[in-house]
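Below is one structure, written out as C-alpha cells; the observations come after it.
Residues: numbered from 1 along the sequence shown. Predicted model, so just to flag it, every value in this text is computed and none were measured. Values reported hereafter were calculated over all heavy atoms of this structure, with side chains retained and with hydrogens, waters and symmetry mates removed.
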Amino acid sequence: MARIIGCVTTSHVPAIGAAIAKGRQEEPYWKEWFDGFAPVHRWLDSVRPDVAVVVYNDHGLNFFLDKLPTFAIGAAAEYQTADEGWNIPTVAPFAGHPALSWHVINSVVAEDFDVTMCQEMLVDHAVCNPMQLLWPGGGPWPVRIVPVEINTVQFPLPSAARCYRLGQAIGRAVATYPSDERVVVIGTGGLSHQLDGERAGFINKEFDREFMASLITDPSWATRYSTVELVERTGSQGIELILWLTARAALGTGRVHEVAATYHVPISNTAAGMMLLEPAA
Ligand code: DHB
Ligand code: FE
C-alpha cells in the first residue's frame, strides 16, 4: 500500500514567491527563512517521495466568494499555476495523480466528508510557494500532487476538529491505496497573522509556539478551540493553521519525530513557520 513518509508544514506568504523570483534568498531579511529549508532538502533527497498531498486554501483564484466549497479535492491530470493578483511570476504546472485523487475522494466521502471534486483546478501561491520552498527551481517537479483545498476565507469555516478528522481520513485513504508510492503530506499557510481590520499586523508568538509543540506530542490539541477562538488567538488569516492541523492529522496518532523546524517573525505580515515531522521508527 502507499505510505505517508512525513509531513511538511510551511507558511505560503506571497512575498516568498516574489523573493524567489528576484533571487533575494541571501539578503538579510530572507536568509534565515530560506536557510531553514536546508534540512528539508536533505530529507527530501534521502526519502524521495513520489506524491505530495498538498493541504492549502485557495485565495480567490480558483474559487470566489460567490461559490466556495468547504472542502475541495483536485482530481486533474495537471494543475496550471496562476497569480491571483500579487504579481508573482507563475511556475511550471504540477502533474496530478488522478487515480490517487479519486481513491482519496471515494474514501473520505465514504467517511461522510462532503467534498467538491475538481477535475479542473488552478492553484495559487498557497501551493506554488511551498512547492518552491521544498523543491527550488520552479519545476519540473519531482512529485505528482493531490491538492486538498479547505475554505479559510469566508465564514462559516470548518472547525479545527473537523479538519483534524478529515486529515485522519486522508491518512487512512493513502494507507489503503494499492501501490508502493511514498507520499509526503504538505500543509501550507499560517502561522499567526491578520492582514486587515483593527488588528492588522497581529502576531501571537506564544500561541504559535504552543501549537507547533502540540503537533509533535499532542496533535489534536488545537481541536479544543472553536474557529472564533482560533481567530482571536491567531488572527483572521492565522486561522490557516487548520491546514497544518489537517496535514499533521494524516500522519496518524503514532509517535512522530521532528526532523526540522523554524519560526521567524516577521515575513511580510506573518509569523512564518515550518515543521518537518516523520513517523518515529
Ligand atoms: C500574506 C499572507 C498570506 O497568508 C496570504 O495568503 C497573503 C498575504 C502576507 O502576509 O502578506
Ligand atoms: Fe494565505
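Put simply, CG on Asp83 and OG1 on Thr81 are 9.0 Å apart, with the number rounded to the nearest 0.5 Å. In this structure, OG on Ser236 lies 5.5 Å from CG on Asp196, to the nearest 0.5 angstrom. Atom CG of Leu241 is separated from atom OG of Ser214 by 9.0 Å, given to the nearest 0.5 angstrom.
For the pair Arg233 (side chain) and Leu230 (backbone), a donor-acceptor distance under 3.5 Å is absent. In terms of modelled atom types and a separation under 3.5 Å, the side chain of Ser226 and the main chain of Glu229 share a donor-acceptor contact. Between the side chain of Asn106 and the backbone N or O of Trp102 there is at least one donor-acceptor pair closer than 3.5 Å. Formation of a donor-acceptor pair under 3.5 Å by the Arg48 side chain with backbone atoms of Asp45 is found in this model. Between the side chain of Arg144 and the backbone N or O of Val51, no donor-acceptor pair lies under 3.5 Å. The main-chain N or O of Leu61 is never found under 3.5 Å from a side-chain atom of Glu84 such that the two would form a donor-acceptor pair. At distances below 3.5 Å, at least one donor-acceptor pair connects side-chain atoms of Arg182 with backbone N or O atoms of Val47. No side-chain donor-acceptor contact under 3.5 Å links Gln25 to the backbone of Phe34. A donor-acceptor pair is defined here as one N or O able to donate and one able to accept, closer than 3.5 Å; such a pair exists between the side chain of Asn62 and the backbone of Leu122. Not one N or O on the side chain of Thr188 forms a donor-acceptor pair closer than 3.5 Å with the backbone of Ser11.
The residues Glu111 and Arg172 are annotated as salt-bridged, a charged nitrogen and a carboxylate oxygen being separated by less than 4.0 angstrom.
Leu191 and Val54 are members of different hydrophobic clusters when ILVMFWY side chains are connected at heavy-atom separations under 4.5 Å. A continuous path of ILVMFWY side-chain contacts below 4.5 Å connects Trp135 to Val259, so both sit in one hydrophobic cluster. In the hydrophobic clustering of ILVMFWY residues, with side-chain heavy atoms under 4.5 Å counting as a link, Val127 and Val185 come out apart. Hydrophobic clustering, with ILVMFWY side chains joined whenever heavy atoms are under 4.5 angstrom apart, groups Ile105 together with Val174. With hydrophobic clusters built from ILVMFWY side chains whose heavy atoms lie under 4.5 angstrom apart, Leu195 does not share a cluster with Ile267.
Here Phe211 and Tyr263 keep their ring centres 6.0 angstrom or further from each other. Proximity of the aromatic rings of Tyr225 and Trp221 is defined here by a centroid distance below 6.0 angstrom, and this criterion is met. Residues Tyr177 and His97 place their aromatic rings such that the two centres sit under 6.0 Å apart. The distance between the ring centers of Trp244 and Tyr164 does not fall below 6.0 angstrom.
Residues His193 and Gln237 have side chains that never bring a donor and an acceptor to within less than 3.5 angstrom of each other. Side-chain contact annotation: Thr70 with Asn151, donor-acceptor N/O pair under 3.5 Å absent.
Taking a 6.0 Å sphere around CG of Asn87, one finds it holds 12 or fewer heavy atoms contributed by other residues, nucleotides or ligands. Phe64 CZ: 12 or fewer foreign heavy atoms inside a 6.0 Å radius. At most 12 heavy atoms of other shown residues, nucleotides or ligands fall within 6.0 angstrom of atom CZ in Arg255.
Classification of the Trp86-His125 ring pair by plane angle, with boundaries at 30° and 60°, yields perpendicular. The aromatic rings of Trp33 and His264 sit tilted, their planes meeting at an angle between 30° and 60°.
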Can you list the steps and then say if Asn57 with Thr152 is a side-chain hydrogen bond (donor to acceptor under 3.5 Å, both in side chains)?
CA-CA 6 Å; Asn57 67 303; Thr152 66; 3.0 Å; yes
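Scanning all heavy atoms of the two residues, the minimum distance from Gly36 to Thr262 falls at CA-CG2, 3.5 Å. Scanning all heavy atoms of the two residues, the minimum distance from Leu134 to Val8 falls at CD1-CG1, 4.0 Å.
With respect to Ile150, the side chain to side chain contact (heavy atoms under 4.5 Å, CB included) criterion is satisfied by exactly one of Leu157, Leu243, Val115, Asp58: Leu243.
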